[in-house]
Amino acid sequence: QVQLVESGGGLVQAGGSLRLSCAASGRTFSSYAMGWFRQAPGKEREFVARISWNGGRTYYTDSVKGRFTISRDNAKNTVYLQMNNLKPEDTAVYYCAKDQRQFYNGDYFPESKYGYWGQGTQVTVSS
């Protein structure tokens, strides 16, 4: 059973930075792409960023490009989301998720392809 545990959320002023971490259990972490999603109050969950299983490809939603960076350390079974220049509209619960397709490097990755989800970590950005 895979477990994903997020950490690093908190309260920060606009323009500040946070780094989220997602620690995964299991021995096959390095074989799967990982993603970050977020859900703001009253809104649907949305895609934020994704990194391929080997770290070679990254994807971002337009609103975070140039501000957020996703990375992974396969030796530590951990994926990170560095968030800089945070804005109040970034306020949300952030979730990490694991793609269920081993060694998948394609460009098709709807939410339905993520088989495991963390419990989320709250990020609040004050203006």
Heavy-atom pair of closest approach, residues [X] and [Y]:
X	Y	result
Asn77	Gly26	ND2-O, 2.7 Å
Ile51	Ser71	CD1-CA, 3.7 Å
Lys98	Thr28	NZ-OG1, 3.6 Å
Ser112	Gln100	O-NE2, 3.1 Å
Val125	Asp90	CG2-CB, 4.3 Å

Cluster question for you: counting only ILVMFWY and a side-chain heavy-atom cut-off of under 4.5 Å, with indirect links fine, are [X] and [Y] together?
X	Y	answer
Tyr94	Leu4	yes
Val93	Met83	no
Tyr80	Leu86	no
Leu81	Tyr95	no

Q | Arg45 NZ/CZ over Trp117 ring centroid, <6.0 Å and within 45° of normal | A |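 Verdict for Trp117: a cation-pi partner in Arg45.
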**Q.** Lys65 charged N/C atom sitting above Tyr60 aromatic ring, 6.0 Å / 45°
**A.**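 No; the conditions do not both hold, so Lys65 does not lie above the ring face of Tyr60.
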[X] side, atom [atom1]; [Y] side, atom [atom2] - distance, nearest 0.5 Å:
X	Y	atom1	atom2	result
Glu46	Thr61	CD	OG1	6.0 Å
Arg38	Thr121	CZ	OG1	14.0 Å
Met34	Trp36	CE	CH2	8.0 Å
Ser31	Asp99	OG	CG	11.5 Å
Lys87	Arg67	NZ	CZ	4.5 Å

I'd like to know if the side chain of [X] reaches the main chain of [Y], judged simply by a donor and an acceptor atom lying under 3.5 Å from each other, with no hydrogens or angles considered.
X	Y	answer
Arg72	Phe29	yes
Thr78	Lys76	yes
Gln39	Ala92	no

(Q) Quick one, Ile70 and Gln82 - any side-chain contact, counting heavy atoms below 4.5 Å? (A)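 Contact flag for Ile70/Gln82 side chains = no.
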Q | Check: Tyr114 ring centroid to Phe37 ring centroid under 6.0 Å | A |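 Yes: the rings meet the under 6.0 Å criterion.
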Q. Between Trp53 and Tyr32, does the ring centre distance come in under 6.0 Å?
A.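 When the ring centroids of Trp53 and Tyr32 are compared, they turn out to be at least 6.0 Å apart.
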Using a 3.5 Å cut-off and no angle test, enumerate the donor-acceptor pairs between side-chain atoms of residues 16-25 and protein atoms at least two apart in sequence or in another chain.
unit_1, atom_1, unit_2, atom_2, d
Ser17, OG, Asn84, OD1, 2.9
Ser25, OG, Gln3, N, 2.7

Q) How about Glu89 and Thr91: does a side-chain donor come under 3.5 Å of a side-chain acceptor? A)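 There is no such pair between these side chains.
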Q | Neighbour count >12 (heavy atoms, 6.0 Å) for atom CD, Glu44 | A |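 For Glu44, atom CD is not crowded (no more than 12 foreign heavy atoms under 6.0 Å).
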**Q.** For Phe109, all residues meeting ring-ring contact (aromatic ring centres under 6.0 Å, His included), sequence neighbours excluded
**A.**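 Per chain and number, Phe109 pairs via ring-ring contact (aromatic ring centres under 6.0 Å, His included) with Phe47, Tyr59.
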